[in-house]
Amino acid sequence: MNPIPLFWLAYVLFRLLTGAGRAPTEKPASAADTLRGLWLVLSVGAGGVAAGLAVYRAAPGELAALGPSVGLALLATALLSPWTFARWVWIPLGLPRVARALLYLHPGVGDRRDPHGAAALAAALATLRLRAPSARDLAYLERAIAACERLRGSGVVAAGLTAALRGDAAATRRMFAGLAALPPETVPRTAFDAAFAWRAADLASRGEWGELARWRGLVDGSAGPYALAARARLACAVAAYRREYDRLAPFHVTPPHWLPRLRVFFRALGECHEDLLRDRWERIERLTGLTLRARAMPASVRFLVRVAERLAGAPTSPSPRLLWLSWALVPSRRAALPLLRRALAAEPPRPTPPPLDSAHPDPWVRGLDALTRAIAPRCAHRAYYLHRAARAWDQAFTEGAMESVAAAMEGGHEPDARISPALYGQATELLANLLLAHELPISTLAEGGLVSDEASELARERLIEDVSELAKALGGGAKAPASAPAAEHWAAFCRLVQANERAATLGGPLVRRLVWGDVHRGVGVLAVDLFNVRKERTLAHGMFVWLLKQATELEDQAAITLESKNVRAGLW
Amino acid sequence: MSSPSDPASLRALTDNPFHVLGLSTDAPRAAVEREGRKLLDMLDLGVARAAEYTTPLGPRPRTAERVRWALSELRDPRKRALHEAWGALGADLLGGEGLEAELPPCPEAFAITGLGRSR
């Protein structure tokens, strides 16, 4: 008996069944969408079955009769799984127009909520494979993104890749980092994987192996916020833990199609639901024992992370056998072979020597010595040396010394140049600039010295200024004409999120609180405009969720009430 | 002249007249004038080794304007004292202790992840 019809029938049933699964927050598909998809699946499925039966009835040994059946099966597979064909055929061949057209023609079976976005993403991925994309190719991509009626995950990733093709990698980094703010059910796996792979490749291409090695938790064993929140929410839904389910609403996650270990989860739920709201993911993971295996991550990303661990000499550095295995699973093995060889040949990095201190009696010279070491390009103890420089200059510029300078100037005498106000200004300015340029927290400098305090204040002012300017510009963006591309608003929001995170990391809770008013106002105005006027509800919802998370962490009750209402408005 | 990417406050390190002229902070007035004139002549003739000067933040391009500015700064005793304070921070002081290991980048990474062509 010819097995093709049976496989075919099983496949068609599988597509129909999996296509029926829908996140609880999603609005049902329109009747037209449903009919179109159903017609496509049934007609192609019925055609396949008919062809298969014809072959089944053919006389044994007539292999030529299998030809039409196999051909039809391939055609049906291409029609039923446009993404599969795009991924393996149109994208590697660098055919953006074909990839986009075929995905666009089949909204019933592709990404049902975002056919334009999925098509734009396929086109962007195919354009990346072109040897030298022309201005025409890029203009085509931008038209494809502009065709998205409502921008969602696929469209955002397509816009990010387009920015990378235009050479604006910084914008792509920001947009992909901001992807986490979108409701996960609006970011299909393909889009998420593409963004994740781009970020990994970007780090590797810049030699940031240490940063990439820290991804190990994401690709091997640990879950990350999305999967944990999804599991938690699913467990709450299953157990009718309504209160916890609602509390997890800000994360707006789609439960995956498999059950968590409920018994373990319920035992820990009571202890960790506050932690869920506060992003204490490590603690949740420990309490629940929930982990996500590496199977969901692209093999190429897993390979790059393992190479990074090896090159950076991480304690979890993989064995040569595991490296070979990871390489074998990478689709582009030929391109990956030189990197594999490099990783296999890597020697463990030498331990970094401890920092050195100058014993010079003059505090200004001691400060200069520490500063000299701090500004060395690959200094491993930069924070330590900047701290030492500031401490030394605190000793040089004491209040008593500054008063004597002022008295000397009033008396018409020449003050000591080493403690002149001009030098003091330059030293504080320099320390503040170096802190920010090297992304070091303000707390690196000790409190209680004239130079340290002044430099800290300058750095703090700059951080606040950066965030406030972006927030005001974002609020002003709401007044932009309705025709302004939604991707631009999203990119501006991602930029603000990044600046806000930087301010919070470097400046601490005080700076975070000081900028919150401007941030809330700016993002709020834009999100409301996107939701009410431009109907870009996915993007607006992502912004509301982000605002609610910030308000919860800062314990701003008025903002929590307001943003909870906005989040409850949902995606549609 | 400092690089356009140098923030204003880092110019105390990159635009120090002693670095621009390639002199130590204890150079006498006459030596400063002599070195300045020599550099101006070399720049005028297009001598390659005069086109750059070393700073604690790496080499920077040297121009005739920058040399003239350095000379004028060092003629003012008050300004000279200020520059002397920073001038001790020389490129030659940059030691090799406590440096992180440099790991070369991987330009093929985009091809490996299927997001670009192999070179």
Side-chain angles (χ1 to χ4, degrees), chain A residues 91-92 125 128-131 161 194 197-198 200-202 204-207 209-210 298 300-301 303-304 311-312 330-332 334-336 338-339 342 349-350 352-356 364-365 368-369 371-373 375-381 414 417-418 420 422-423 426 429-430 432-434 437, chain B residues 2-3 5-16 18-19 25-26 54-59 73-74 76-119:
Chain A
I91 291 172
L125 289 170
L128 283 170
R129 298 296 191 96
L130 295 175
R131 199 171 291 278
L161 293 176
W198 189 91
D202 177 51
S205 68
R206 290 186 287 130
W209 298 106
S300 54
V301 175
F303 170 71
L304 285 179
L311 291 176
V330 174
S332 319
R334 201 170 149 199
L339 186 60
R342 202 171 113 192
R350 284 170 298 170
T352 309
L356 299 170
W364 175 255
V365 176
L368 277 186
D369 182 82
L371 188 77
T372 307
R373 297 178 198 285
I375 60 178
R378 289 176 287 112
C379 178
H381 308 290
E414 198 60 40
R418 287 283 173 84
S420 71
L423 193 58
Q426 284 183 337
E429 181 91 10
L430 181 66
N433 262 15
L434 287 172
Chain B
S2 62
S3 159
S5 59
D6 289 337
S9 66
L10 291 184
R11 291 189 190 144
L13 307 181
T14 56
D15 286 3
N16 189 289
F18 290 104
H19 293 152
T25 51
D26 56 358
T54 52
T55 80
L57 298 178
E73 288 286 298
L74 295 185
D76 181 336
R78 203 177 280 183
K79 287 181 180 173
R80 174 171 172 142
L82 194 64
H83 292 306
E84 274 177 11
W86 290 111
L89 189 74
D92 54 325
L93 290 177
L94 290 174
E97 311 96 352
L99 299 187
E100 281 176 332
E102 194 170 22
L103 296 170
C106 172
E108 293 291 302
F110 286 100
I112 293 170
T113 51
L115 295 173
R117 291 188 77 94
S118 185
R119 291 181 188 185

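Chain naming here is simple, since letters A, B, ... match the order of the sequence lines and numbering starts at 1 in each.
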Ranking A/G207, A/A422, A/S205 by heavy-atom pairs under 4.5 Å to chain B gives rank one to A/S205
Using non-hydrogen atoms only, which part of A/R334 is less than 4.5 Å away from chain B: side chain, backbone, both, or neither?
neither
One should read off an interatomic distance between B/I112 CD1 and A/L304 CG, to the nearest 0.5 angstrom, of 5.5 Å
Can you tell which of A/I91, A/L339, A/L125 has the highest number of heavy-atom pairs within less than 4.5 Å of chain B?
A/L339
Looking at side-chain heavy atoms only, is the closest gap between B/T113 and A/F303 below 4.5 Å?
no
Identify which of B/A109, B/G114, B/P105 forms the greatest number of heavy-atom pairs closer than 4.5 Å to chain A.
B/P105
Which heavy atom of A/W364 sits nearest a heavy atom of B/A85, and at what distance?
NE1-O, 2.9 Å
With a 4.5 Å limit on heavy-atom distance, are the side chains of A/R129 and B/L115 in contact?
no
For the pair A/S332 (side chain) and B/A111 (backbone), establish whether a donor and an acceptor sit closer than 3.5 Å, ignoring hydrogens and angles.
yes
Parallel, tilted or perpendicular: ring planes of A/W198 versus B/F110, cut at 30 and 60 degrees:
tilted
